[in-house]
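To start, the structure under review is shown below, and the notes come after it.
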Amino acid sequence: MEYFLQQLINGITLGSIYGLIAIGYTMVYGIIGMINFAHGEIFMIGSFIALTAFLVLASLGITFLPLVLLIILIVAMGFTALWGWSIERVAYRPLRGSFRLAPLITAIGMSIFLQNFVQVTQGARIKPLPPQITGGVTLLSSSDGIVVQLSTMQMIIIVTTVVLMAGFTTVINRTSLGRQQRACEQDQKMAALLGVNVDRTISLTFVMGAGLAAVAGIMYLLYYGVIDFYIGFLAGVKAFTAAVLGGIGSLPGAMLGGLAIGLIETFWSGYFSVEYKDVAAFSILAIVLIFMPSGLLGRPEVEKV
Amino acid sequence: MSSFDPTADTTPEGAERQDEERRRAAQGEPPFVEAATPESRLAGSLREAAITAGIVAAITLFFFAFRTEIAIGGLELTVRWPVWLSWIAIAFVGRFLLSFFLYRADRTKASGAAKGARGAAAVGLGKVLAVVFLLIALTLPILLDTLFPSQNRYILDLAILILTYVMLGWGLNIVVGLAGLLDLGYVAFYAVGAYSFALLSQNFGLGFWVCLPMAGLFAALWGLMLGFPVLRLRGDYLAIVTLAFGEIIRVVLLNWADFTGGPNGLLGIPKPTLFGLEFSRGEGSFSDYFGLDYSPIQRFVFLYYIILALALLTNFITLRLRKLPVGRAWEALREDEIACRSLGINTTNVKLTAFATGAMFGGFAGSFFATRQGFISPESFTFMESAIILAIVVLGGLGSQVGVVIASVVMIGGIEMLRNLGVLTDFFGPSFDPTQYRMLFFGLAMVLIMVWKPRGLVSSRSPSAIYKEKKKIGADMVAQGEGH
Amino acid sequence: MSEMSPRWTQDPVLKVENLTMRFGGLTAIDSLSFNVGRGDITALIGPNGAGKTTVFNCVTGFYKPTEGRISLRRGRGVSDAMVDELTTSGNQFSRDGERSVFLLERMSDFKITEVAGVARTFQNIRLFGGMTVLENLLVAQHNRLMAASGYTIFGLLGLPGYRRAAEAAKEKAIFWLSHANLLDRADDPAADLSYGAQRRLEIARAMCTDPVLLCLDEPAAGLNPRESADLNTLIKYIRDEHGVSVLLIEHDMGVVMEISDHVIVLDYGRKISDGTTDAVRSDPKVIAAYLGVDDTEVDEVENDLDHDVAPTPAAPANAEGVRP
């Protein structure tokens, strides 16, 4: 029971990170119908920027932790968002409206490029960061010495995710930007005719997705304490799985899918085998796509003849 | 009849073409440019260059200017302003030149006739290229022996590598190029072929030539098995599920240590023999039998001809299949699946045959890879490998056989050749190792070629049946599958 | 046509009974029954959204109907008893010498074309745009060629049996191309054809599957009068010379009234009229449905219609002349 609870907490934490990345996938897919394969790399870039910013701040002598975290959050989100914007501008916009495979292939190319760019500029070895946020609360402790802990870091991750999700849902549902975005999702040509700046809306979608991925990157860095240039690939594929599981195009779906994937992975590792946790996640992806192509919260698609 | 305007936008295809033309026209449009302002060409170019440089400065700040290194007691920060500043300068100059000479240059539009002529020339060129490639490929060992005896072995090895990718590209071309099914897990079949051969030879002592067809068969079976559940999926979902399957197979190979050797892989895979003659020193070897002096190059030449024969077989069968009903059904499937069903075609079977045929060639290539290396491990079958093969197919032009050859030579050979360019070492210093940048260039090339030519290098399609006159079909007509 | 009961009740090639199709809560077709007579040109008409294309999709297997029976009868004199027997047997089709019955609602889309012999075209033309006109027609003969090529093995070896079959397929394609007036475009990509030519090509392609029933979804949509006339000739030729029954959806009343033997009118998923062109034309319910007028105004409208639309057999609606 204690073990189960601990896994549950770990799973929710991991799921929150996946969920934040998944939002980027789901929004981009919703608006331009493309799998932004490089989104996992954006997440990785976010965590690298955070790491470097952390060291720069340390070398400047700024060590007050809340301030450091705040600066890192702003810097990483801002710069990663700029990456997201530039990538869309250079690699995807020229191909908008081209045949379906074209942007997917540039996205794969972009993903390869970014991975290797970071590898070349920052080195291939893993980067450790000593734990910055320690402590936590012990929720339960059983007689045989197993304790259930909720660390401060886990709390921060879960709370931040909830806050971001709430804010984000408000943006999409209540603001003019959200309305424009939903309009572009339905029909870009019509939206453009009604005065929506489609290019700008799409760019902003990439910017927001990248910003959230940067937050996920910071969390990953602080939670696991090690990053390398390759973390984006697996995290990206799993986050995409989460987006599909939740129903691609649906924001709550992305979050739900993220949680589901996080929990499945954690429990699989906890109860069966760590080696095959990726197999579990990928099998879920295959099964969901085959038997439930519209996901948990997605709209079913009717084949038009 | 033949002179009327085909682009009448009353037809869906016509409208699509117009769309595409508009897009092509818009392709010259540079990034970051605003609506025409009465601004001189120089000033405009400078302004754009400044904006670009600014953006490059911002996004590369944390990658060029700062570098984190692992040191004793944690991470250490090194600051490299010169690197950062020089890249900003490069961005500024590069963008300025592009803006000034390309984007803002007074372009005279190429007339339609000139374009047509160029298309025709390209078609002729394709044929000539195919013949030239074939001649070079057939005589390569002799050419190398006379021209570059010192580099003989290295270039031959590279040629073997390129041909392996050509073969894989041709195999994947059936699935992606002809049938229009995007498969991101093609490397799984390559792995199945390699592991089938390695395991068969180790457990049953079978040789390469016996295992080769079996490896192809196993791979085809896997193609059917994996293909069956995923065929209902649309384009990009199919891509992701095939990617997942590829990864699952790799993870299983990595962790099922008793059977596959786990991360250590399998060693001691036998070399192919020529009717029982081995390519080694001593009694009963190839050199001994023919009374030649033993030279390790003989084995390379032999391997080279094996992969060349396999690749040509792939090409021959593919070209043949295209003219058979099954091949035509693949292409029809790519064009319009619903129309296929309305004509009584069982699209599930059509997709499965495409998957299995492509997988079979992947399996052949895999067992060749195993015998060439003598050693295999899951590391050789990562997603990156699938991405490279797919890139070759797409960059070459979906469905084009010559395109695959060009793309393989450029992407595999060209990037490998970077290693030999002294200029780069002079420029970047002696520690510069181009192999480190191989994948970087690869990714960049994928993006740039795609943006420049979304339809690939060779994009016209030649019809599989002719009534009177063979006409090439422009890429803008040909669907790329799963677009519905 | 004789004075006795019409052909479509005596010898139907297709009998649709109590067909109902619901999408979620929406009932697109509500307990619809009609017959298509063997050798007739039957038109399915109705205002937009009446459910015509849904009927088509049910008949050709692209949708599985919620309820109802759709039986295709090949060979003369198939009794209703035979159909009922098949229905209770749970099979998809049954054969009895020359006669055979197919229950289309039980078959998947490609089987309906392959086994039962129903071919169709689409409202938004679905050609293989990147393939040549000739290739389009060869794809349509896939199943026969596939068998002849020994499921690819003989074909790969280039055996003469396959080569003969391939030659025959090409000849058949050329035959239909010449009848669709497309022979000079045989080597052009299908996407390159004009709209009217694409429509004709789609029909020719459907004919290459050797159907007994040809379903045409708005074949005249977007055609100019001259192309419309060409189309009429082609459809009539298909019926007269090849004995293929034709079921078509059409909005162009000129086409409908000129070529159809039997017209079925749908509105809101129900049948509101069923009969010969003359009978339907004078049916007040039809006029009301089309024009949305009150019954009192119907007479007035009817008079107008008689002047404007109704063509006499001697003068086709499209006066530009029909090709010989």
Side-chain angles (χ1 to χ4, degrees), chain A residues 34-35 48-49 51-53 55-56 58-59 79 82-83 86 89-91 93-102 104-106 108-118 120-123 125 127-130 233 237 240-241 244 273 275-276 278-279 282-283 285-286 289-290 293 303 305, chain B residues 19-20 23 27 29 31-32 55 58-59 61-64 66-70 74-75 77 182 229-230 232-237 239-241 243-245 247-248 251-252 254-255 338 383-384 387 390-391 394 398 436-437 439-440 442-447 450-451 454-455 479-483:
Chain A
M34 154 203 178
I35 299 174
F48 265 91
I49 291 177
L51 176 70
T52 313
L55 291 175
V56 171
S59 73
F79 281 85
L82 193 60
W83 271 99
S86 314
R89 197 71 184 83
V90 172
R93 191 175 296 180
L95 289 169
R96 196 171 302 151
S98 182
F99 74 105
R100 234 185 141 123
L101 292 188
L104 180 61
I105 287 172
T106 45
I108 294 173
M110 209 45 175
S111 161
I112 297 175
F113 171 76
L114 292 176
Q115 248 178 49
N116 286 277
F117 174 75
V118 174
V120 165
T121 54
Q122 296 292 324
R125 296 175 62 186
K127 313 271 178 190
L129 181 74
F233 175 70
V237 172
F240 179 74
T241 306
V244 170
S273 78
E275 289 84 19
Y276 287 102
D278 295 345
V279 172
F282 289 135
S283 306
L285 171 71
L289 278 177
I290 291 162
E303 185 179 49
V305 179
Chain B
D19 226 39
E20 208 155 316
R23 218 174 304 122
Q27 244 167 46
E29 187 201 326
F32 324 134
I55 289 166
I59 63 175
L61 173 68
F62 284 98
F63 294 92
F64 285 138
F66 304 110
R67 182 182 168 116
T68 51
E69 305 270 16
I70 296 168
L75 287 170
L77 190 71
L182 183 53
V230 303
R232 298 192 327 192
L233 301 174
R234 281 182 309 109
D236 23 23
Y237 279 12
I240 290 294
V241 173
L243 185 158
F245 276 149
E247 284 295 296
I248 289 175
V251 174
V252 170
L254 195 62
N255 290 305
I338 288 175
F383 165 72
M384 209 44 82
L390 181 70
V394 174
L398 285 173
Q436 205 193 337
Y437 296 83
M439 290 312 289
L440 185 78
F442 203 91
L444 198 61
M446 257 170 100
V447 175
M450 224 45 213
V451 171
R455 297 284 183 163
Q480 300 288 355
E482 299 296 341

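Residue numbers begin at 1 in each chain, while the letters A, B, ... track the order of the sequences.
Relative ring orientation between A:Phe48 and B:Phe63 is described as tilted, the plane-to-plane angle lying within the 30° to 60° band.
The minimum heavy-atom distance between A:Gln122 and B:Phe62, with the atom names listed, is NE2-O, 3.2 Å. Between B:Ala387 and A:Ile108, the shortest heavy-atom distance links the atoms CB-CG2, 3.8 Å. Contact between A:Leu82 and B:Ile55 at its shortest, heavy atoms only, is CD2-O, 4.4 Å. Closest of all the heavy-atom pairs between A:Ile112 and B:Met439 is CG2-O, 3.4 Å. Among all heavy-atom pairs drawn from B:Asn255 and A:Tyr276, the shortest one is CB-OH, 3.4 Å.
Contacts of B:Phe383 classified as ring pair (Phe, Tyr, Trp, His ring centres under 6.0 Å), with partners at least two apart in sequence or in another chain: A:Phe37, A:Phe233.
The parts of A:Val120 that come within reach of chain B are both its backbone and its side chain, each placing non-hydrogen atoms under 4.5 angstrom from that chain. Using a 4.5 Å cut-off between heavy atoms, A:Ser283 contacts chain B through both its backbone and its side chain. Using a 4.5 Å cut-off between heavy atoms, B:Ala58 touches chain A through backbone and side chain atoms alike. Interface residue A:Ala53: backbone and side-chain heavy atoms are both found under 4.5 Å from chain B. For a residue to count as touching a neighbouring chain, one of its non-hydrogen atoms must lie under 4.5 Å from one of that chain's; by this rule A:Pro130 does not touch chain B.
Taking CG from B:Leu390 and CG from A:Leu104, the interatomic distance works out to 8.0 Å, rounded to the nearest 0.5 Å. Within the model, atoms CD1 of A:Ile105 and CG of B:Leu182 stand 6.5 Å from one another, a figure rounded to the nearest 0.5 Å. Note that OG1 of A:Thr106 is 7.0 Å distant from CE of B:Met450, once rounded to the nearest 0.5 Å. Rounding to the nearest 0.5 angstrom, the gap separating the OG1 atom in A:Thr52 from the CZ atom in B:Phe66 is 8.5 Å. The CG atom of B:Leu77 sits 5.5 Å away from the OG atom of A:Ser59 when rounded to the nearest 0.5 Å. Here B:Leu254 contributes atom CG and A:Asp278 contributes atom CG; the two are 10.0 Å apart, rounded to the nearest 0.5 Å.
Interface check for chain A: of the options B:Ala391, B:Ala445, B:Gly443, the most heavy-atom pairs under 4.5 Å are formed by B:Gly443.
Between B:Ile59 and A:Phe79 there is no side-chain heavy-atom pair separated by less than 4.5 Å.
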